[in-house]
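Before any comments, here is the structure.
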Amino acid sequence: DAGVIQSPRHEVTEMGQEVTLRCKPISGHDYLFWYRQTMMRGLELLIYFNNNVPIDDSGMPEDRFSAKMPNASFSTLKIQPSEPRDSAVYFCASSLGRTSGGDTQYFGPGTRLTVL
Amino acid sequence: LAKTTQPISMDSYEGQEVNITCSHNNIATNDYITWYQQFPSQGPRFIIQGYKTKVTNEVASLFIPADRKSSTLSLPRVSLSDTAVYYCLVDPYQAGTALIFGKGTTLSVSS
């Protein structure tokens, strides 16, 4: 298996522009997670899905952020409009089932977003 | 959710055993303890998970005392390539919850 795939790997955009990050989870995994990592705040959970349904989006910073999972093999995280403080590395992860009891999360390589 | 506390950083030399202790005083009965490793410019990677006593795999050992209020990740004979950030997480059993990553412990291994 190719693992969790994220695109693009790097994104540089200007403030106010729309940004769309993409993720393809490992085939057969029921859970998909979006994280954001910065030096100041560490690794933060933004939202996660179970069987394509959003379960907890309490980590989404504000209405400028939205996430979708139209099918089991694809998810997007959109920022509109983007701001410089959104600059971070965004990770997507997937797991086979509930993470307790051995269903570990597999992380993608991340998308490094820079908003100028 | 159980909060974890671990040292911000640790230094070691090649060939030494490294023990990183994490406290999780309010861990719930069904919660698991999980450790992840993150190299620069990569996503976190699962190392080991346990519920009680001792768990060992090809990478590390995890020691959990009877009260489960702390755990210790043990890395035998570290090498330069073990330089990374190590996260201790308490995995809540309740449906509808997810892993929460803290700041982790930055391990620096020198020759």
Side-chain angles (χ1 to χ4, degrees), chain A residues 2-6 9-10 21 23-26 29-51 53-60 67 88-113, chain B residues 1-9 22 24 27-52 55-60 62 64 68 71 84-106:
Chain A
V4 176
I5 299 172
Q6 292 187 247
R9 294 293 308 278
H10 302 273
L21 310 181
C23 175
K24 176 179 170 55
I26 293 174
H29 281 192
D30 294 332
Y31 285 80
L32 183 140
F33 307 82
W34 282 101
Y35 291 87
R36 177 174 68 176
Q37 187 171 38
T38 62
M39 288 293 293
M40 289 295 294
R41 301 176 67 89
L43 195 59
E44 303 173 279
L45 176 67
L46 300 178
I47 185 172
Y48 77 97
F49 297 81
N50 178 22
N51 292 324
V53 176
I55 301 301
D56 184 357
D57 65 354
S58 59
M60 296 286 263
V89 180
Y90 291 80
F91 289 104
C92 175
S94 69
S95 68
L96 185 60
R98 273 293 296 124
T99 53
S100 61
D103 291 330
T104 63
Q105 291 188 20
Y106 295 85
F107 283 75
T111 295
R112 182 174 296 276
L113 173 65
Chain B
L1 294 176
K3 179 181 177 180
T4 60
T5 303
Q6 54 184 123
I8 296 296
S9 64
C22 176
H24 26 77
I27 188 170
T29 301
N30 292 329
D31 291 348
Y32 278 73
I33 300 151
T34 308
W35 286 79
Y36 279 75
Q37 173 192 57
Q38 184 177 25
F39 296 114
S41 302
Q42 294 185 25
R45 182 176 72 111
F46 171 86
I47 301 177
I48 197 166
Q49 183 181 68
Y51 182 77
K52 62 180 179 180
V55 179
T56 297
N57 62 22
E58 66 277 6
V59 177
L62 179 60
I64 305 169
R68 302 196 335 116
S71 60
V85 179
Y86 293 82
Y87 296 95
C88 165
L89 301 94
V90 170
D91 183 4
Y93 186 77
Q94 300 93 327
T97 54
L99 294 177
I100 305 297
F101 285 78
K103 293 296 180 66
T105 297
T106 299

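Lettering follows sequence order; numbering is per chain, from 1. It should be emphasised that the depicted structure is a prediction, and the values quoted were computed from it without experimental measurement.
Considering every non-hydrogen atom in both Ser41(B) and Arg112(A), the closest pair reads OG-NH2, 4.5 Å. In this structure, Lys103(B) and Met40(A) approach most closely via the heavy-atom pair NZ-O, 3.3 Å. Here the shortest heavy-atom pairing between Gln42(B) and Phe91(A) reads O-CZ, 3.5 Å. Taking all atoms of both residues into account, the shortest heavy-atom contact from Tyr36(B) to Gln105(A) is OH-N, 2.9 Å.
In this structure, CZ in Phe46(B) is found 12.0 Å from CZ in Phe107(A), a value given to the nearest 0.5 Å.
No part of Tyr51(B) comes within reach of chain A, as not one of its non-hydrogen atoms sits under 4.5 angstrom from that chain. Interface remark: Gln6(A) contributes no atoms to any contact with chain B (heavy atom separation under 4.5 Å).
Listed by chain and residue number, Thr105(B) satisfy the side-chain hydrogen bond (donor to acceptor under 3.5 Å, both in side chains) test with Gln6(B) (two or more places apart in sequence, or in another chain).
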